[in-house]
Amino acid sequence: MFVSTGTEETAAPTAATARDAVCTVRGLVRTYAVSRARRASRRPSLRGTRGTVEAGLAATPIRANDGIDLDVRRGELFGLLGPNGAGKTTLVRQLTGLLRPDAGSIHLLGHDLVRHPDRAARLIAYLGQESTALDELTVALAVETTARLRGLDAAAARTARDAVLDELDLGALSGRPLKRLSGGQRRLACFATALVGERPVLVLDEPTTGMDPVARRAVWTAVDRRRTAHGTTVLLVTHNVIEAETVLDRVAVLDQGRVIACDTPAALRALVADEVRLDLVWRQDAPLGVPAVAALRPLAEVSGRRWTLRLPQDRARAAVADVTGGPAFAALDDFTLAVPSLEDVYLALGGRGTGLVKA
Amino acid sequence: MTVVAAGPEQAGPGQAPAPAPLAPRARLWPSLAAVYRAQLSRARVARIPLLFVATFQSIGIMIMMRGVVHAGDGEAARSVVAGSSVLVVAFVALNLLAQYFGQLRASGGLDHYATLPVPPASVVLGTAAAYASFTVPGTLVTAATGCALFHLTPAGLWVLILVIPLAGAALSGLGAALGLLAPRQEIATLLGQLGMSAALLLGVLPASHMPEPIRWARDVLPSTYGVEAFARTLGGPGATHWAAVAADLCVCGAVGVLSLALATRAYRRAACR
């Protein structure tokens with residue numbers, strides 16, 4: 001199923017948009033045989049498939065990607081959003097030449113990456129989720145070695161290393177091995193290795209995991225600098241809704257190996273614009289003796305003491321008045337009323353996974 | 001940085017625009033040197049305690065064997081000293097390297113190299129060369145200690161300059177191949193340990209005391225030829241059959257080429273599936 005929510009996708013692609021497309025993916029399918037899927041579930045780099053793997057340990061193979069279509073435009077910061085197991089990592093592993101698709105096509109900057117997966121490394125800088133190859137190196141040597149392996153000569157590699165360490169403010173950590181750094185610092189050092197030896201396309205798999213706000217800002221500033229200066233296209237994998245809403249130009253929402261929506265974050269949120277999200281947190285048990293509260297109970301998604309309700313605006317206003325005005329207020333610990341997020345879009349479009357992060 | 005255009009997919013007029021230029025590939029020797037340097041630097045962080053273990057293990061075995069083997073030139077004393085020295089190479093180059101590649105593969109660490117435009121051979125050879133280099137101090141210390149313990153002539157120790165890289169190539173190629181081909185990390189560790197145990201039992205004990213089938217097993221183990229080459233020189237330069245030493249070293253070198261080629265193929269297979 002390919003749900004197209006934007007206006008551009010419904011129109012026939014013009015010559016201009018075709019020229020503008022940096023990456024075109026059509027009908028991409030990747031299936032894991034059960035024995036391999038079991039193995040894959042042990043690999044942290046493929047842990048995205050774990051949810052579906054455990055659900056389907058019977059003889060049926062698991063379709064981690066089930067007919068994916070995507071168009072990523074030049075200079076765009078394009079996101080792949082979905083919970084763990086949605087197929088995001090499987091998709092980028094095919095884009096980067098690490099996995100071969102069972103069917104479908106991938107064209108990147110005019111190159112057929114299904115026929116020539118080796119070209120991916122010469123077009124893309126990839127930041128994966130794992131750093132075990134670099135863990136015992138110092139930050140400076142990890143960056144310099146990666147630059148050398150991206151084809152830079154010794155002098156250019158040293159210059160690129162110094163520039164990127166300076167840019168990300170990693171100078172003070174440059175002599176320390178990655179394994180002795182905190183999770184966020186290590187992630188930033190790995191991000192530095194993705195930046196040396198400029199590539200026209202950056203593929204970043206959850207780059208800001210574990211980072212503090214300062215490091216996150218450094219990452220997005222560095223990304224923006226490359227987009228402005230070189231027109232770099234960025235493909236970002238994330239399960240963080242807030243990050244997706246604030247940094248992305250466009251986002252494809254993935255669920256169970258399929259793209260269920262693809263548009264700008266604002267356009268996607270407009271799909272559920274007539275709804276608002278009401279979170280109620282009770283001090284102890286919810287006061288179900290109050291009729292207004294009892295009426296809300298069947299509509300709520302309950303998680304411990306927290307009730308989450310997605311309601312039309314007028315209904316939400318009335319519910320807030322009910323719980324804050326009457327006897328229910330004494331039992332109420334906290335409440336928030338929020339405009340819908342991409343998580344609400346994901347659920348409204350029929351997304352069945354849980355695990356999207358708001359942080 | 002030079003930029004090389006891709007040849008085969010040039011588009012004609014009216015079609016999609018020409019493919020974007022591809023960044024150059026990293027060349028074999030510079031990237032091999034970069035991997036070697038990076039791997040050597042890991043010794044400071046993680047490897048030094050293990051290198052001590054490798055050396056103490058070999059020296060411990062020699063001290064133990066000194067209780068049952070007489071000092072002075074003889075087949076048994078030579079076997080113990082040469083076998084224990086080459087055991088250091090087997091411990092590091094075969095066992096630790098199998099574990100390293102097994103762990104790298106299981107954790108997804110190979111992705112880092114596989115998404116860089118680097119020849120597979122440079123990753124395998126650079127890492128194998130670094131692991132072979134780790135064995136140099138331990139092997140020299142073990143050999144010198146063994147000569148002192150068993151009253152053997154240390155004049156032939158220089159032959160280790162050839163034995164370490166050639167036996168190192170054979171054993172590290174084998175270790176890398178085992179680590180990359182094993183379906184699971186635990187099996188890579190197990191195979192590495194078994195390889196080292198075989199090098200210990202079949203290298204340290206004199207061949208003439210072994211039953212025939214065990215001797216065949218000894219003959220197919222690559223470390224045997226390193227042990228033999230070194231053992232032949234321990235009687236002093238006058239008593240050394242140099243042609244046999246050269247033949248043993250040639251076997252080590254040939255096995256090294258084959259096992260490193262196998263490891264490179266295994267790396268390709270492991271990196272992209």
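All chains are named by letter (A, B, ...) in the order of the sequence lines, taking the proteins before the strands, and each is independently numbered beginning at 1.
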> Looking at B:Gln103, B:Arg27, B:Arg37, which one has more heavy-atom pairs under 4.5 Å with chain A than the rest?
Replying inline: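 Among the listed options, the one with the most contacts to chain A is B:Arg37.
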> Between B:Ala34, B:Ala26, B:Pro117, B:Pro119, which residue shows the highest count of heavy-atom pairs closer than 4.5 Å to chain A?
Replying inline: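 Going by pairs under 4.5 Å, I would pick B:Pro117.
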Side chain, backbone, both or neither: which part of [X] has a heavy atom under 4.5 Å from chain B?
X: A:Leu149; answer: both
X: A:Asp153; answer: neither
X: A:Leu108; answer: neither

Which distance, rounded to the nearest 0.5 Å, do you find between the [atom1] of [X] and the [atom2] of [Y]?
X: B:Tyr36; Y: A:Thr145; atom1: OH; atom2: OG1; value: 14.0 Å
X: B:His112; Y: A:Leu134; atom1: NE2; atom2: CG; value: 4.0 Å
X: B:Leu116; Y: A:Arg148; atom1: CG; atom2: CZ; value: 13.0 Å
X: A:Arg199; Y: B:Thr115; atom1: CZ; atom2: OG1; value: 10.0 Å
X: A:Asp135; Y: B:Ser107; atom1: CG; atom2: OG; value: 8.5 Å

>> Determine whether a donor-acceptor pair (N or O, by modelled atom type, separation under 3.5 Å) exists between the side chain of A:His111 and the backbone of B:Ala20.
In response: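 Here the side-chain-to-backbone pair exists.
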> Which atom pair, heavy atoms only, marks the closest approach of A:Thr132 to B:Gly109?
Replying inline: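 The pair with the smallest heavy-atom distance is OG1-CA, 3.1 Å.
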> Looking at B:Tyr100 and A:Ala133, what are the two nearest heavy atoms and their distance?
Replying inline: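 Between these two residues, the closest heavy atoms are OH-O, 4.5 Å.
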> Yes or no on salt bridge (Lys or Arg N to Asp or Glu O under 4.0 Å) for B:Asp111 and A:Arg93, after CA distance, side-chain angles and deciding distance?
Replying inline: CA-CA 9 Å; B:Asp111 292 358; A:Arg93 287 174 65 81; 2.5 Å; yes
> Which region of B:Gln185, side chain (C-beta onward) or backbone (N, CA, C, O), has a non-hydrogen atom less than 4.5 Å from a non-hydrogen atom of chain A, or is it both or neither?
Replying inline: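 Answer is neither: B:Gln185 stays 4.5 Å or more from chain A.
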> So B:Ser41 and A:Leu137, side chain to side chain contact (heavy atoms under 4.5 Å, CB included) or not? Walk me through it.
Replying inline: CA-CA 7 Å; B:Ser41 84; A:Leu137 308 185; 3.6 Å; yes
